[in-house]
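Hydrogens, waters and symmetry mates play no part in the numbers below; they use all other heavy atoms, side chains included.
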Amino acid sequence: KQLSCRASGAKPQAKIVWYHGNNKILDQEYSKQITNGHREGTWDTVNTLKFKATSADDGTPIRCVVEHPALNGKLMEKEIALTVFYPPGEPRIVGDTQQAFRQGDMINTTCISSGGNPPPYVSWFKDNIQLQYPHSKLENGSTVSHLYIRADQSLLTDVYNCKAWNKETSIALPSKNVKFNVTFSGDRVHIKGPDSGQIGSELTLHCSSEESNPPSVIKWTVDGIERHGTQEEVAVSEGGWRTTSVIKLRVDVNLSQMKVTCSAVNNLFKDLLQETKIIKILRPPEAPSISGLPSISLREGDNLTLSCISRHGSPLPMLKWFKQGEYIQSQSYSLVEESHSIAKLFLVVSRTDNDMQYSCEASNGEHFPTISQKTNFSVYFEPVDARLYLSMLSSAEGGPEVAHSTSGDRVQLNCQSSNSNPPAKITWFKNGKLVRGGAIDVKPGKYGGVKMSQVFKINEGNPITSEDNGSKFSCTASNPAINGNNVTKQYTLNVRYPPEFSLSSPGNYSVIEGDDITMSVEAKGNPAVRRFTWYTGLQPNKPLLADTLPNHFKIRGPTMEIRKTTRKDAGLYRFGAENDIGEKNKEIYLNVLYHPTIINLTSQIIADEGEKAVFNCIVDANPISSKTVNWGVVGDRKFNFTERAIFSFDGNMTFTMTIPIVKKSDRGKFFCIADNHLQSAQPDEQQTVLKVNFKPEIRKFPRYAKFAQNLMHQINLECIAYGYPNVSIFWKKAGDFNAERYV
């Protein structure tokens, strides 16, 4: 820098001297320039001081003093206060930063920078990132900033420094870097290694401490005995050290386990960090045993609990139930420490369990092969469904199903039972009555069950008839070993047949002449009869039509009504009924009954005694039979018809009475009476005469042997004489031949 001091208008030339404070400046470079003053003969003197300012010059007065003879001892000077801008001094961190701080302690350290104009900024930096801490200027001109932080593990890797700067510094002036030594201990140690081992095997275990400062020392104990392992200390990026140790152990104890403890020791801390690992000594389990199996076959729906137990083994084995090789989810597993494992299987048995293989597997790891025990059991189950259908007569397996049948077919019902164990029993019923089935067919079903089929030959294999239509059949499939639900299927036989006539419909009708008659035929068929036709026997192919019938005939479907019948209406009629299957005819005979009429009777017979007399009585009647005609005698005379007469009927109209040996006592009138005993009987009777030729006979009755009369009175004497032809009676008195007196 340079300062100039001018002294103007002096004569002679003025001398300029520079002072630094009270001290004359002698060791600096000067330059002097003299020029003419404004007034002639005067001189202007300019003295320039060139110097390098230092921080010590800041605030120091600089004076230029003019020396001239004309001043006569008077002081002529100019003074300025020199202001020097200069950078601050290199900041310094004061305090014991090398001491060990315990994690959690407060750290207080100061950064100080001396000098500097203008006063500098002093600030703390962490990893070159400015921190917000204030700074202040001391009386001695130094600038300070205080750092307050809590000791933490992260400080081990953090780099702190402070920087000072003002406008005279091109870059901030840094202090030396500082790291804080924070001591801490980890919270725990970690053991890694196998959880189990077989006898004779070598196990490698790793133990590592968590980060600590200073490093921890790892110690091992096995079942309480100290063992030595490796030691390795590794610095971690977060700060501190992690100590690891490896130990190799050979399993040579016949115990169930080994107790391995890893401890981390740090001299600065009293707490002992340790972790214990229990290593199972592996031994294979015993073969499992299964209990709970039933002594008898189970029924579907029964509850069953199977227990699988495996003893010993280290560790105690895991037990698993499988069905046909597939793992069963719903099972209960538990351990009895140092004793056994048990797995229970709770089942509601079903047909899917019948003869299925259940297995229990015991395993305590990959070191030993799995041991299993297998079992199965029998389950009785009933059929859940059945099928009943109709087919044509065939084998026990049944043929194709048919919806209906026709009379004359040979058919069978097939009952097929669904799967069951043991085989289902099929029971047949026909119209509610137990019947016996036929051939049986057996086929294997699912789950070890059996499918049963049985046929029932309707009518024992004979052709079916209309009488079988509507028959109700059922088959019941049941399991004989289970008192459970039975499956019953029903079938109503549908037999198609042409029209048939009811046996209750008479083929013969009888009516008394003059009465009304209704002839009705009951015909049925499947499908139903759709047409009825009436014919006469004389014209069997010509239907009787309503417009050609006599007036007293009336036809309504299966009914024919005849009013006030005559014997001409009698005869053969034919009734036809037709459906989709065919047509059938029925002959109906109308018998018109009428009262008897004797058409002819032998008028008389004249015969000699001992001859045969034959009387014929011809009768027209309906009905007519051998009992239609009776013979009798007219009057009071006696005739033993039973012993003396023979009766005959030619089956038509002629009734004959024969007297094989005629006696004279038989003479007289006989009658023929015809009566067919119809309602409101009207018998017809005619008489005939039997005349017997015989010589006269005088009947000698005692009362006629003697007569008495008063004198002179007339007396009648009776003489009864029999004989044929006519008898002439003559009277005479014994000894008197004059017969004229007697009349």
Original post:
Is there a donor-acceptor pair closer than 3.5 Å between any side-chain N or O of N579 and the backbone N or O of G525?
Top reply: no
Original post:
So, for F655 and F649, is the gap between ring centers shorter than 6.0 Å?
Top reply: yes
**OP:** State whether the side chain of S505 and the backbone N or O of E522 hold a donor-acceptor pair below 3.5 Å, judged by distance alone.
**Re:** yes
Original post:
Will you find, in the side chains of T656 and N616, an N or O donor that is under 3.5 Å from an N or O acceptor?
Top reply: yes
Original post:
Are any side-chain N or O atoms of N479 and backbone N or O atoms of N421, one a donor and one an acceptor, separated by less than 3.5 Å?
Top reply: yes
**OP:** Compute both the distance and the angle, then confirm whether R567 meets the cation-pi test with Y594: under 6.0 Å from the six-membered ring centre, within 45 degrees of the axis.
**Re:** yes
**OP:** Tell me, please, which residues at least two apart from E611 pass salt bridge (charged side-chain N to carboxylate O under 4.0 Å, His left out).
**Re:** none
Original post:
Has the side chain of D516 got a donor or acceptor atom that lies under 3.5 Å from a matching backbone atom of K564?
Top reply: yes
**OP:** Kindly confirm or rule out a cation-pi arrangement of R387 over Y389, judged by NZ or CZ under 6.0 Å from the six-membered ring centre and within 45° of its axis?
**Re:** yes
**OP:** Return yes if some donor-acceptor pair links the side-chain N/O of W428 with the main-chain N/O of T476 below 3.5 Å, else return no.
**Re:** no
Original post:
Within the distance-only criterion (no hydrogens, no angle test), does the side chain of N376 pair as donor or acceptor with the backbone N or O of M356 below 3.5 angstrom?
Top reply: no
Original post:
Do you see a donor-acceptor pair shorter than 3.5 Å between the side chains of N459 and D468?
Top reply: yes
Subject >> Test side-chain contact (heavy atoms from CB on, under 4.5 Å) applied to F377 and N354, L306, D355, the passing residue >> reply: L306
**OP:** Tell me yes or no: between the side chains of H552 and D569, is some donor less than 3.5 Å from an acceptor?
**Re:** yes
Original post:
Any donor and acceptor pair, going by atom type alone, linking the side chain of N469 with main-chain N or O of V495 inside 3.5 Å?
Top reply: yes
Subject >> Under 3.5 Å side-chain donor-acceptor pair for N508 and N591 >> reply: no
Original post:
If only atom types and distance count, is the side chain of N431 paired as donor or acceptor with the main-chain N or O of S471 below 3.5 Å?
Top reply: no
Subject >> Side-chain H-bond candidate by donor/acceptor type, Q604 with K691, under 3.5 Å >> reply: yes
Original post:
Hey, do the aromatic rings of F501 and F575 have their centres closer than 6.0 Å?
Top reply: yes
Original post:
When you look at D353 and K323, which way does the salt bridge (charged side-chain N to carboxylate O under 4.0 Å, His left out) test go after all the steps?
Top reply: CA-CA 9 Å; D353 298 314; K323 177 181 178 182; 2.9 Å; yes
Subject >> Close side-chain approach of I512 to Q679, heavy-atom, < 4.5 Å >> reply: yes
**OP:** For the pair N676 (side chain) and P623 (backbone), establish whether a donor and an acceptor sit closer than 3.5 Å, ignoring hydrogens and angles.
**Re:** yes
Original post:
Quick check, are the ring centers of F670 and F639 under 6.0 angstrom apart?
Top reply: yes
Original post:
Aromatic ring centroids of F429 and F473 under 6.0 Å?
Top reply: no
Original post:
Does a donor on one side chain sit under 3.5 Å from an acceptor on the other, for Q412 and N414?
Top reply: yes
Subject >> Any residue meeting side chain to side chain donor-acceptor pair (under 3.5 Å) with Q714, in chain and number order, not counting sequence neighbours >> reply: N716
Original post:
Below 4.5 Å, heavy atoms only, C-beta onward: do Y535 and Y573 meet side chain to side chain?
Top reply: no
**OP:** Could you list all the salt bridge (Lys or Arg N to Asp or Glu O under 4.0 Å) pairs where at least one residue sits in residues 579-589, not counting sequence neighbours?
**Re:** R530-D580
